Amino acid sequence: MSKNENTITTEESTDADPKTTDEKLISTEVTTGTETGRTAAGGRTIIEARNVDVYYDDLRALDDVSLQIPEGQVTAMIGPSGCGKSTFLRCINRMNDLVDAARVEGDLLLKNKNVYDDDVDPVALRRRVGMVFQEPNPFPKSIYDNVAYGRRIQGLDGDMDEAVEQALRRAALWDEVKDQLDKSGLDLSGGQQQRLCIARAIAVDPEVVLMDEPASALDPIATSKIEDLIDELAEEYTVVIVTHNMQQAARISDKTAVFLTGGELIEFGDTEKIFENPEHQRVEDYITGKFG
Amino acid sequence: MAREEFQAELGDLRDAVVDLGRTVLDQFRRAARALVEGDDETATDVVDGDGTVNRRYLDLESRCIDLFALQQPVAGDLRFVAASFKILTDIERIGDLAVNLAEHALEKRRNYLPEVSVDDLTGIAAEMVGRALDAYERGDAAACHAVADQDDELDGLCQRVAQLVVEDLVGREADHTVDDDLLAGVRRLLVTIRDVERVGDHAENIAARTLYMVEADETLLY
């Protein structure tokens, strides 16, 4: 298996200024492979990691990770703190590019195209692979502008009002904010802010939505709404979610990947199998709390 | 610490399920003996003891529900609690069937026992229950398969015994010695044979759930 080494030193932001983003969109186009593989458990593969290692300077954060994430399903990443699950998530849309010391080896394919190839523009990639973070981070703008922002900087055509409404509807927030679209996104509750961020992410019609502990800062009611929303999002998008809440992973995901200390992917498979009868004793010990 | 307490709770649950199972097995053995020996006192004890069995069953069922709700077990722990929850129902049903036998023993028509004896049947059924409980206690997958094999033997034997009862009845009809009491006795005996056969089925269920618990193997469930 060949390895492509990508030493990442550039400083790029998902919230890059519009001019820079537009320029990159014009200059670079993310190509899409024509064939996709199949995951071991069936379903079309949209993301495939082949022998992916990630280093932060000399520290190995991911160790030879290979897996195939199916399209149109929810895949959960679980494991103890520092196991590399968030690092893996951030590899998918090259968020690790923002970390000077980060170095990615191996192949990480989105529809058979290595996202670390030289001709891939990270900003364009992030339109196809959106991300929602642990803490809701709406911009200090109106609800409308929060959702419209991504489309504007991506230069997407079409009826903006319609696009904003659709994104808010898909994020299960429309009914709560339709009469106050001019209100600041920061005035919403935590759960509403997180759904606003999801609306912002899906407003640009991504193929994949990455979520890094999206409900860990929310109360149980807001968490429940986010979980329901994830279930609905999976009808249109591929969702990859990192969570420390194993019951949440069990509730909402179709597939589960278990990372353990040292950045190793120990087991990946159907969520039912992982939580009912895992193959590996280390996984059994971790999810049943028999560790330490 | 909390997880250690949880593991201790699982161990306690296993012990309590086995203990209830052995109590019920004792109930069944005593009911079978009362039926054969016409021992009304033992039969009455068995009937009276069922209330305690039911209370212990409900208590253990509640403990399983608490474990699901509060500990949210997964993997091997999940299979253990889920299997225990189902096995408890089988144990409670064996207790009910023991009561059926005991009530048969208390009936005056119990004397209708032709050339067949339910002794052989109850002996096999009791052995199956005991082996199934041992398998559950030890987590012994091989023993689960052995119990399932033995159920085939018991089913065949019950079928042959029921056939003998029917043939005996037909012979008596030819001799014009059939009356209502005799018919009631035959009917009761056939029900008892069916009850013993069901005890074997519940023992097999315990083995099947245990196999799932130990190896996530659902083979014996179907």
Side-chain angles (χ1 to χ4, degrees), chain A residues 40-41 74-81 83 85 213 215-216 219-220 223-224 227 241-261 264-292, chain B residues 1-15 17 63-88 135-136 138-145 205-222:
Chain A
V74 179
T75 296
M77 309 270 161
I78 63 171
S81 296
C83 69
K85 56 189 186 299
E213 300 188 55
S216 63
D219 66 37
T223 296
S224 175
E227 290 182 1
I241 177 171
V242 163
T243 178
H244 270 123
N245 183 335
M246 283 189 282
Q247 294 306 320
Q248 182 176 70
R251 277 194 298 271
I252 65 173
S253 69
D254 303 290
K255 297 281 191 295
T256 296
V258 185
F259 290 80
L260 293 181
T261 307
E264 278 185 273
L265 172 64
I266 305 297
E267 192 164 341
F268 177 60
D270 289 342
T271 295
E272 282 181 17
K273 177 80 166 62
I274 296 289
F275 284 96
E276 194 172 328
N277 184 32
E279 291 286 334
H280 294 79
Q281 188 61 45
R282 290 172 68 193
V283 173
E284 168 107 15
D285 289 347
Y286 175 69
I287 65 174
T288 58
K290 301 185 191 86
F291 48 77
Chain B
M1 182 61 78
R3 300 312 285 179
E4 287 169 13
E5 288 174 8
F6 171 52
Q7 292 302 317
E9 280 185 68
L10 296 182
D12 290 346
L13 175 65
R14 175 182 282 108
D15 293 345
V17 170
R63 280 167 64 178
C64 289
I65 292 169
D66 287 348
L67 287 168
F68 282 127
L70 302 178
Q71 301 289 350
Q72 300 167 352
V74 292
D77 296 342
L78 170 67
R79 299 200 305 276
F80 168 71
V81 181
S84 300
F85 187 74
K86 295 292 289 182
I87 285 169
L88 279 167
Y136 168 78
R138 295 195 309 264
D140 184 344
C144 296
H145 288 288
N205 287 350
I206 293 171
R209 299 290 175 189
T210 298
L211 185 64
Y212 166 75
M213 175 184 88
V214 176
E215 297 187 338
D217 182 345
E218 299 179 348
T219 311
L220 295 180
L221 292 175
Y222 302 104

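Chain letters run A, B, ... following the sequence lines, proteins first, then strands; residues in each count from 1. What you see is a predicted model, and the numbers here were worked out from it, not measured in a lab.
- Taking B/R14 as the reference, nothing meets the salt bridge (charged side-chain N to carboxylate O under 4.0 Å, His left out) condition, with sequence neighbours excluded.
- Using cut-offs of 30° and 60° for the angle between ring planes, the B/F85 and B/F68 rings count as perpendicular.
- Between B/F6 and B/L70, every side-chain heavy-atom pair lies at or beyond the 4.5 Å cut-off.
- By the side-chain contact (heavy atoms from CB on, under 4.5 Å) test, B/A208 pairs with B/L220, B/L221, sequence neighbours left out.
- In this structure, CG on B/L88 lies 9.0 Å from CD1 on B/I206, to the nearest 0.5 angstrom.
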Using atom types as modelled and no hydrogens or angles, find all donor-acceptor pairs between chain B and chain A shorter than 3.5 Å.
from   : atom 1 : to     : atom 2 : distance (Å)
B/R3   : NE     : A/T288 : O      : 3.4
B/R3   : NH2    : A/T288 : O      : 3.1
B/Q72  : O      : A/Q247 : NE2    : 3.3
B/A75  : N      : A/F275 : O      : 2.6
B/G76  : N      : A/E284 : OE2    : 2.8
B/D77  : OD1    : A/K290 : NZ     : 3.1
B/D77  : OD2    : A/K290 : NZ     : 3.3
B/R79  : NH1    : A/E276 : O      : 2.6
B/R79  : NH1    : A/N277 : OD1    : 3.3
B/Y212 : OH     : A/E276 : OE2    : 2.4

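- Taken to the nearest 0.5 Å, the CD1 atom of A/I252 stands 3.5 Å off from the CD1 atom of A/I241.
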